[in-house]
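Some notes on the structure that comes next.
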Amino acid sequence: MEMALAQAREAAAVGEVPVGAVVVHQGQVIATGRNAPIDGLDPTAHAEIVALRAAARALGNYRLDDCELYVTLEPCAMCSGAMLHARLKRVVFGALDPKTGAAGSVINLFAQAQLNHQTELQGGVLAEECAALLQDFFRQRRADKREDARLSHPLRDHALRTPEAAFSRLPGYPWQPRYISDLPALGGLRMHYLDEGGEQEHRQKLTYLCLHGNPAWSYLYRKMIPALLQAGHRVVAPDLIGFGKSDKPKKDSFHSFSAHRQVLLELVERLDLQNIVLVVQDWGGLLGLTLPMAAPQRYKGLLVMNTLLGTGDQPLSAGFLAWREMCAKHPEFDVARLFARGNPQMSAEECAAYNAPFPDKGHRAALRAFPTLVPASEDADGAAISREARDFWRERWTGQTLMVVGAQDPVLGLPVMRDLQRIIRACGEPVVLAQAGHFVPEHGEQVAGHALRFFHR
C-alpha cells in the first residue's frame with residue numbers, strides 16, 4: 001500500500017486525482033498504475049485499470065488468478081468489474097469512497113454470490129494516509145477554483161497553474177501581474193504579462209516588448225525594466241504559455257512553434273502596441289523575429305541577444321545539439337543550478353526564482369518540449385515562416401537594430417550571432433559583453449544603458 005501511495009502522489013503531481021495501485025503476483029510486484037484519465041483522455045484510465053493492463057502484459061495472460069491488487073481508494077463499479085473479470089485472488093484497498101465505492105460503500109460487487117468468481121476483499125489498510133492525500137488534493141483544488149473565480153480566469157482541465165505563493169518575495173520583481181485568457185489562440189488558458197509605464201506621457205516614448213526564452217520567464221528582464229521605465233518608456237513582458245505565471249498545459253505535445261507565435265501576434269494586437277522595440281533572447285528570438293513582418297508599422301527597433309532564426313535549411317550548432325541532448329537525458333534538470341553556473345554574479349535567491357514556476361515535473365512540459373521544437377529541417381513547424389522572416393530582415397526591415405552578445409555562451413554565442421548580423425539589414429557591429437553568458441539580460445543594467453543611448457539617438 002505504501003507503493004500504491006507513491007503512485008497516488010505521482011498522480012497528484014500532474015493534476016490527476018491521487019489514486020495509485022499495485023499488482024502483486026506470488027509475492028512479487030509486477031505492475032503499478034496511477035490515475036490518468038485527464039492525461040490519457042481516457043475515462044477508463046483509473047489507477048486499477050492501468051495496473052491491471054500492465055499486469056496482464058507482464059504475465060502474458062488476461063487472467064490474473066494468482067494476483068493481488070492494492071489500491072489507495074475503494075474501487076468503483078467499473079474497476080471492481082474488471083477485477084472480477086481478471087479473476088484476481090484478492091483486492092486490498094485503503095480509504096472508503098462513500099460516493100462511488102463498489103466494495104461496500106454504495107454497493108458491494110464482491111459480495112454477489114451469483115457471480116462465477118469470488119475475489120477476497122480487505123479494506124482500511126493505511127486508510128488515514130490514503131484519505132488525507134485525497135482530502136489535501138481536493139482542498140487545494142477548491143482553493144484554486146476560488147482564486148480562479150476571483151480572477152475570472154478558470155483553470156482548464158488540461159493545464160496546471162503554479163500557486164501564487166511560489167512567487168512571493170522574489171528579489172527584484174515588484175510589478176503587478178496582469179492576466180489574459182480570451183485571446184483565440186489561448187483556448188481559455190491564462191497568460192501572464194507585465195505592462196508597466198503605459199500610463200506615462202513622454203514625447204519620445206517607446207514600447208519595449210521583452211520576450212524570454214527557455215527555461216526563463218519574464219523575471220529575466222527585471223534588471224532592464226527599471227531603467228527603461230525611468231526613461232519614460234513602456235515595458236511589456238509576457239510569460240509564454242508553460243512558463244512563469246502563465247498556465248502550464250500538462251502534455252508536452254501541446255507546445256508547437258506555430259501555436260506560441262500566434263499567441264504573441266494576438267497579444268500585440270490586443271494591447272495595440274505601437275513604437276515597439278522588440279527585445280529578444282533565446283526562444284524569444286526564434287518566435288519574436290517572425291513577428292514584425294506581420295505588422296511592420298508597429299515596430300521601430302530591435303534589441304537582439306543570443307538567439308537565432310530557425311529556418312531549417314542550416315545545420316544547428318554543435319552547442320545547441322549538446323543542449324538538446326542534455327535536456328533529453330535529464331528532463332528534470334535544476335533550472336536554478338543552470339543559471340548559477342553561467343551567472344556567478346547572481347545571488348542564490350535570484351537563481352531560485354527561476355525554479356519558482358516549476359514546482360514539480362507536472363509543471364515542466366514546456367521545458368521538455370521546447371528543445372525539440374527548434375526547426376531542424378525545412379519542413380519542420382516554424383521553418384517556413386522563419387525563412388520568410390529572414391527575407392523580411394534582409395530586404396524590408398527599416399528600423400534600428402542593436403545587437404548585444406554574451407561572449408561566454410557556448411550555445412548561441414558570437415559565431416551564431418555573427419551569422420544573424422549578416423541577415424539583418426543595417427545591423428551594426430554587436431556590443432560584446434565579455435563577462436556575459438547565454439542569459440544576457442542578467443546583465444540588464446548594462447544592456448538597458450546601451451539600448452537607451454542607441455534608440456534615443
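Numbers for residues simply follow the sequence, beginning at 1. All values below come from the heavy atoms of this structure, side chains included, with hydrogens, waters and symmetry mates left out.
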First locate atom OG1 of Thr311, then atom CG of Leu289, and finally report the distance between them rounded to the nearest 0.5 Å.
11.5 Å

Check whether more than 12 heavy atoms from other residues, nucleotides or ligands sit under 6.0 Å from atom CG of Asp157, and answer yes or no.
no

More than 12 foreign heavy atoms under 6.0 Å from CZ of Phe333: is that the case here?
yes

Partners of His46 by ring pair (Phe, Tyr, Trp, His ring centres under 6.0 Å), sequence neighbours excluded?
none

Residues two or more places apart in sequence or in another chain: which of them pass salt bridge (Lys or Arg N to Asp or Glu O under 4.0 Å) with Asp391?
none

Pairs involving residues 294-318, ordered by first then second residue, that meet ring pair (Phe, Tyr, Trp, His ring centres under 6.0 Å) (sequence neighbours left out):
none

Ion pair Arg53/Asp42, N-O distance below 4.0 Å:
yes

Please report the interatomic distance NE2(His158) to NZ(Lys248), rounded to the nearest 0.5 Å.
13.0 Å

Glu325/Lys329 ion pair, N-O < 4.0 Å:
yes

Once you measure the plane-to-plane angle for Tyr173 and Tyr219, does it fall in the parallel (<30°), tilted (30-60°) or perpendicular (>60°) bin?
tilted

Hey, could you give me the CZ/CG distance between Arg234 and Asp195, rounded to the nearest 0.5 Å?
4.0 Å

Do Trp217 and Phe358 make the cut of ring centroids closer than 6.0 angstrom?
no

Tell me, please, which residues at least two apart from Glu332 pass side chain to side chain donor-acceptor pair (under 3.5 Å).
Arg364

Would you give the length of the straight line joining atom CG of Leu273 to atom CG of Leu271, rounded to the nearest 0.5 angstrom?
5.0 Å

Can you sort out the partners of Arg34 under side chain to side chain donor-acceptor pair (under 3.5 Å), two or more places apart, ordered by chain and number?
none

Verdict with supporting geometry, Met224 and Val447, side-chain contact (heavy atoms from CB on, under 4.5 Å):
CA-CA 7 Å; Met224 292 180 59; Val447 177; 3.9 Å; yes

Using atom types as modelled and distance alone, determine if a side-chain donor or acceptor of Thr401 lies under 3.5 Å from a backbone N or O of Cys427.
no

Counting only heavy atoms not in Arg394 (residues, nucleotides, ligands), do more than 12 fall under 6.0 Å from its CZ?
yes

Does Asp239 have any side chain to side chain donor-acceptor pair (under 3.5 Å) partners at least two apart in sequence or in another chain, and if so, which?
His192, Ser218

Which residue pairs satisfy the side-chain hydrogen bond (donor to acceptor under 3.5 Å, both in side chains) criterion with at least one member in residues 281-297, sequence neighbours excluded?
Arg261-Thr290, Gln281-His438, Asp282-His438

Applying ring pair (Phe, Tyr, Trp, His ring centres under 6.0 Å), name anything that partners His260, two or more places apart in sequence or on another chain.
His255, Phe370

Side chain to side chain, Leu309 and Trp393, heavy atoms closer than 4.5 Å
yes

For Met326, does the CE atom sit with more than 12 other heavy atoms under 6.0 Å from it, leaving out its own atoms?
yes

With Arg298, the side chain to side chain donor-acceptor pair (under 3.5 Å) member among Asn275, Thr207, Asp272:
Asp272

Under the rule for salt bridge (Lys or Arg N to Asp or Glu O under 4.0 Å), what residues qualify as partners of Lys223, not counting sequence neighbours?
Glu350, Glu442

Any donor-acceptor pair under 3.5 Å from Asn35 side chain to Ala11 backbone:
no

Can you sort out the partners of Glu16 under salt bridge (Lys or Arg N to Asp or Glu O under 4.0 Å), two or more places apart, ordered by chain and number?
none

Can you list every pair that meets side-chain hydrogen bond (donor to acceptor under 3.5 Å, both in side chains) and has a residue in residues 428-437, with sequence neighbours left out?
Arg418-Glu429, Gln435-Gln446

From Ser258 OG over to Ile385 CD1, what is the distance, rounded to the nearest 0.5 angstrom?
8.0 Å

Run the ring pair (Phe, Tyr, Trp, His ring centres under 6.0 Å) test against Tyr70 and tell me which residues pass, sequence neighbours left out.
none

About how many Å separate CG of Leu420 and CE of Met305, when rounded to the nearest 0.5 Å?
12.5 Å

For His212 and Leu240, indicate whether the former's side chain and the latter's backbone hold a donor-acceptor pair under 3.5 Å.
yes

